[in-house]
Amino acid sequence: MIVKNRLTMLKRCLTRALSTSTGAVRWWGRVDRASKDPINGVTEAFLADPSSNKINLGVGAYLDDEGKPVVLQCVREAEAKIAASQFLGSISTAVSSKYVEESVKLVYGRDSDVIKEGTYAGVQALSGTGACRLFAELQRRFYPGSMIYLPDPTWSNHHNIWRDAQVCKRTFRYYDPDTKGINFAALVDDIKNAPNGSFFLLHPCAHNPTGIDPTEEQWQEISYLFKVKNHFPFFDMAYQGVASGDLERDANAIRIFLKDGHLIGCAQSFAKNMGLCGHRIGCLSVLCDDKRQGVTIKSQLQQIARAMYGSPPLHGMLLVSTILGDPEIKRLWVKEMKVMANRVQRMRATLRQVLEKLGSPLNWEHITNQVGMFCFSGLSPDQVDQLARDFHIYMILDGRMSMAGVTTGNVNYLANAIHEVTRNGEESRILCRIST
Ligand SMILES: Cc1ncc(COP(=O)(O)O)c(C=O)c1O
């Protein structure tokens, strides 16, 4: 009898194991297709269009006045220096520490106490995205139950990053579609009304997608309110140097917070300002009370990274540390960054000028008031559709145009097309939250 029972149980277990393994083999059959990334959708549509007049205003990477991607001369010189020094044979932790030190000097200032006293935890990260992801994970692990406030609107991937880290998100008001400027009163209200000690994500310069940054006085007020409310500021610095053409000026918001004694977090990216998007090179830093705490936090960040992707790639890190560590190459970089920023500013001015000359009934001042790579045009989703359909001009549905795609050769065509789709005087007051 006992033997018979045991045999029956064994049979049942086997049957269950078999049926489970059949289920497991077919697990992907239950996976739904992921929603399309808005930016990739724009690029796909652009590539599929055979028109010779087509313009891609979706991608945020810098292009030259011929619409071609650029490898900066400073990067070429750093490449040559790395090749000559056979660096790869002698990589040590000292090299990556130097990389982090040079990176954080850019945001906090080389003469700041933070740098002098080494009171920070800093790690190389997989570009700006990876730096945000590491921070979100740190937040979840060591401050469970905390939330992050994201600006409305913001770079859409911020939502994905904190969602995947399983940190609850809220938004704070930032943009006013009526004035196409900052809604400062609402922003202040939201900061005041958030529970004390909340996490806020802030864009220190060239806010994506609106291109609108708080003024110096407004940053001072924000910093003051953060002190009063004991909020934690996390800065996502994706465009240092390409907003104004001046590294120091673009770090001004962070310097204000630093002066006010905040402990802050900062994600840095070299994708735009060095044109190194494909290298995935960035840095995450978190300011600490003292050096010892910095070592502790760094060890946790390294452990998080280890489980996610082991260690970060070397080549981009060598390029950036060579550029930042060699005064001559760094000077060249600063010059090239100014060229990029100036070209974008020139295209903003020309686009506005042509629209005004065409007699557009709309106010286009915001094109030149906004800064950085993106122009939050105010075009409605229908107008964006019409631009693609009738003029082969592609941008994401919220009307965000990458000014990097505007050139001397296509700016007149673009202005004429925008004039055509807006000539009845209508524009969007709808804010789509799909910027990438
Ligand atoms: C605000 C913001 N943060 C982060 C990133 C991420 O950049 P990357 O991961 O390419 O460095 C971007 C890129 O578009 C951005 O606009």
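Numbering of ligands and ligand atoms starts at 1, following listing order.
The only option from Asn53, Asp49, Asn56 that meets the side chain to side chain donor-acceptor pair (under 3.5 Å) definition with His392 turns out to be Asp49.
Within ligand 1, counting atoms from 1 as listed, the ones closer than 4.0 Å to a heavy atom of Ala271 are 10 (O), 11 (O). Counting the atoms of ligand 1 from 1 in the order shown, those under 4.0 Å from a heavy atom of Arg280 are 8 (P), 9 (O), 10 (O). In summary, the atoms of ligand 1 found under 4.0 Å from a heavy atom of Ser269, numbered by their order in the structure, are 8 (P), 11 (O).
Contact annotation for Thr129 and ligand 1: heavy atoms of both the backbone and the side chain come within less than 4.0 Å of the ligand. Neither the backbone nor the side chain of Phe270 comes within contact range of ligand 1; no heavy atom lies under 4.0 Å.
Cation-pi geometry between Lys54 and Phe46 is met: the NZ or CZ atom falls under 6.0 Å from the ring centre, inside 45° of the normal. For the pair Arg400 and Phe374, the cation sits on the ring face: its NZ or CZ lies under 6.0 Å from the ring centre, inside 45° of the axis.
Side-chain atoms of Thr407 and Asp65 include no donor-acceptor pair closer than 3.5 Å. Side-chain polar atoms of Ser223 and Asp260 form a donor-acceptor pair below 3.5 angstrom.
For atom 8 (P) of ligand 1, the choice among Ser127, Cys277, Pro209 with the nearest heavy atom turns out to be Ser127.
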Under 3.5 Å, which donor-acceptor pairs do the side chains of residues 294-306 form with other protein atoms, sequence neighbours left out?
from   : atom 1 : to     : atom 2 : distance (Å)
Thr296 : OG1    : Arg292 : O      : 3.1
Ser299 : OG     : Thr296 : O      : 2.6

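Between Gly128 and ligand 1, at least one pair of N/O atoms sits closer than 3.5 Å.
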